[in-house]
Asks: 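Please find one structure pasted underneath; my questions will follow.
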There are 2 protein chains.
Amino acid sequence: MRLTRAGEYGIRCVLHLARHGKGTLVSRKEIAVRTDVPPHFLAKIAQQLARAGIIEILQGATGGYRLLTDPSKITLLAVIEAIIGEISLNDCVGRPESCHNSALCTVHRVWNKANQQLRATLQEANFATLAAEDACCLTPFPEADGHNQPSGKK
Amino acid sequence: MRLTRAGEYGIRCVLHLARHGKGTLVSRKEIAVRTDVPPHFLAKIAQQLARAGIIEILQGATGGYRLLTDPSKITLLAVIEAIIGEISLNDCVGRPESCHNSALCTVHRVWNKANQQLRATLQEANFATLAAEDACCLTPFPEADGHNQPSGKK
DNA sequence: ATATATAAGATATATTTAGTCTTATATCGA
DNA sequence: TCGATATAAGACTAAATATATCTTATATAT
Ligand code: SF4
Ligand code: SF4
C-alpha cells in the first residue's frame, strides 16, 4: 500500500519540468541530477509519461523532455497513474471479477469509497500549484542564477 | 498501491469471526474453508492478529480463534494495519526522514492529507456493521443449515 | 501415556520492483 | 556528406517482497 519508486520519480520529473514551464526543453541529465533519480531509470519513466501524453521526448544531441500541457492542467493523479496504472487499493476494486463475491461484499464497498476518495484528492492537486508554492525535490530551485554548477559531481 | 493478499485474508478472517460474535471459538479449518484462504497462511496471519490484540488463539485438539473485542469496536483500519503495518501511501509519509526535503515539499503535504483521509475512512468501518449488513466472503452465510458441504472441493 | 488436531515458526517459490547495461537514433561539427 | 557525440529506447539483471508450503512444537481428549 505504497507508491512505487518509479511513481515517486515520475512526480519529481514532472514537478521539475513544471518549474520551467510548459514547452521548455530540459535535458534528462539535468532532471536526473536535480531530482536525484538514476538517469537510465528516469528514461524508462519518461517513456511512460510520454505515452500518457504528459511530456514530449526530444531525441538527439540537444534532446530532452518538455511538458506538452500547462502545469495547471496536469494533476498528481494523472502522473501517478501514467506510471503505476490506475490506483486500486485492493484487487477487487480494479477488477471486481477477481472475487466472485464483490457484488454483495460490504468490505468491497468501503474499498471502492476509499479508492474514489483517494483518487479525488490526488486529482485536486495540479502541478502549477505544487511547483509554485515553494521548493521541493532536492535542489531548492533549478538554475537559480544560471551557473551554480557544483562541479563536485560524482 | 494495493492491499496485500495477507491483508485481505486477515479482513476475511475477522469478518467471519464477527459473524459468530465476540468470544465464539471457530476452528482455523472452518475459517480457511469458508473464506478461501490457505490454512497455513491463515495461521501466520492469525498470529499477527493475536499480537495486535484483536483475536485470541486457542491451541490443542479443540482449538481455534475467537474475537477478544466486540465486533463494533474493531475497525477495518485496525485489522489491516495489524497485518501490513501502518498505512503509508509513500515512503516519506511514514518516514519523513527518508527524504531530506519532506519539510518543504508540497507533494509531501498532499500525500499526508491523502493518507490521513484514507486511514480515517477505514477507521469509520467497524466489523459489526460490515458483518451484519449482508453476506460477504465466499459462502453466503456460515453454517447456514450445517451441511451444505459442496464436496466438489478441489 | 498415546494419539490426534491444532498452532507456531522456518523455509522455499513466485512475483514484482528497482536499477543497470546494451543497442538504436538523432543532432552537431568537420 | 560523414563521423563523433549525446541522447532515447528497449533488453536484461539483481534485489526485495509477497505468497505459500513444510516441518516442528504444543495442547487437549481418550
Ligand atoms: S471479499 Fe470483498 S473485499 Fe475481499 S476481495 Fe472479495 S469483494 Fe473484495
Ligand atoms: S520529494 Fe516530496 S513527495 Fe517525494 S519523497 Fe521527497 S518529500 Fe516525499
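Each chain gets a letter, A, B and so on, in the order its sequence line appears, and its residues count up from 1.
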Asks: Side chains of B:I11 and B:L3, heavy atoms from C-beta outward: is any pair under 4.5 Å?
Replies: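 Heavy-atom side-chain distance check passes, below 4.5 Å.
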
Asks: Take the protein atom CD1 of B:I31 and the nucleotide atom C1' of C:dA7, then report the distance between them rounded to whole Å.
Replies: 13 Å

Asks: Between A:E8 and B:V107, is any pair of side-chain heavy atoms under 4.5 Å apart?
Replies: no

Asks: Think A:Y65 has a side-chain N or O under 4.0 angstrom from the OP1 or OP2 of D:dA8?
Replies: yes

Asks: Let me have a per-nucleotide readout for nucleotides 1-6 of chain D, 5' to 3', with B, S or -, counting only protein heavy atoms under 4.0 Å.
Replies: -----S

Asks: As a quick check of understanding, evaluate side chain to side chain contact (heavy atoms under 4.5 Å, CB included) for B:H108 and B:N101, giving each step before the final call.
Replies: CA-CA 9 Å; B:H108 182 69; B:N101 201 54; over 6 Å; no

Asks: Taking only heavy atoms on the protein side, list every residue of residues 39-55 of chain A lying under 4.0 Å from any atom of DNA chain C, sorted numerically.
Replies: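 Contacting residues: A:H40, A:F41, A:K44.
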
Asks: For the pair made of CG in A:L25 and C1' in D:dA8, what is the distance, rounded to whole Å?
Replies: 13 Å

Asks: Grab the CG-P distance between B:L3 and D:dA18 for me, whole Å please.
Replies: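 Going from B:L3 (CG) to D:dA18 (P), I get 11 Å.
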
Asks: When Ile, Leu, Val, Met, Phe, Trp and Tyr are grouped by side-chain heavy atoms lying under 4.5 Å apart, directly or through other members, which residues fall in the same group as A:L25?
Replies: A:L58

Asks: Has A:Y9 got a side-chain N or O lying under 4.0 Å from the OP1 or OP2 atom of C:dA18?
Replies: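 Negative; the distance criterion is not met.
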
Asks: Output yes when a side-chain donor or acceptor of B:R109 lies under 3.5 Å from a complementary backbone atom of B:L104, and no otherwise.
Replies: yes

Asks: Can a donor-acceptor pair be found, under 3.5 Å and without considering hydrogens, that links the side chain of B:N115 to the backbone of B:L89?
Replies: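 The answer is yes, because a donor-acceptor pair under 3.5 Å joins these two groups.
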
Asks: For the pair made of CZ in A:R28 and C1' in D:dG10, what is the distance, rounded to whole Å?
Replies: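 One finds 13 Å between C1' of D:dG10 and CZ of A:R28, rounded.
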
Asks: By nearest heavy atom, map A:L58 and A:R5 onto DNA chain C; which one lands nearer the 5' end?
Replies: A:R5

Asks: How many whole angstroms separate atom CD1 of B:I57 from atom C1' of D:dT26?
Replies: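 My rounded result for the distance is 13 Å.
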
Asks: Would you list the atom pairs, donor with acceptor, under 3.5 Å between side chains in residues 61-68 of chain A and any protein atom, with sequence neighbours excluded?
Replies:
from  : atom 1 : to    : atom 2 : distance (Å)
A:R66 : NE     : A:E56 : OE1    : 3.0
A:R66 : NH2    : A:E56 : OE1    : 3.4

Asks: Find the distance A:R2:CZ to D:dA18:C1' and express it as a whole number of Å.
Replies: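 After rounding, the gap between these two atoms is 12 Å.
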
Asks: Write out all pairs satisfying ring-ring contact (aromatic ring centres under 6.0 Å, His included) with one or both partners inside residues 25-54 of chain B, taking only residues at least two apart or from two chains.
Replies: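 Sorted result for residues 25-54 of chain B: B:Y9-B:F41.
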
Asks: I need the NZ-C1' distance between B:K29 and C:dT4, as an integer number of Å.
Replies: 12 Å

Asks: Using residues 78-85 of chain A as the side-chain source, report each donor-acceptor pair under 3.5 Å to any protein atom, sequence neighbours left out, with the distance given to one decimal.
Replies:
from  : atom 1 : to     : atom 2 : distance (Å)
A:E81 : OE1    : A:R119 : NH2    : 2.9
A:E81 : OE2    : A:I87  : N      : 2.8
A:E81 : OE2    : A:R119 : NE     : 2.9
A:E81 : OE2    : A:R119 : NH2    : 3.4

Asks: Roughly how many Å is it from CD in B:Q59 to P in D:dA27, rounded to a whole number?
Replies: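 Result: 6 Å.
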
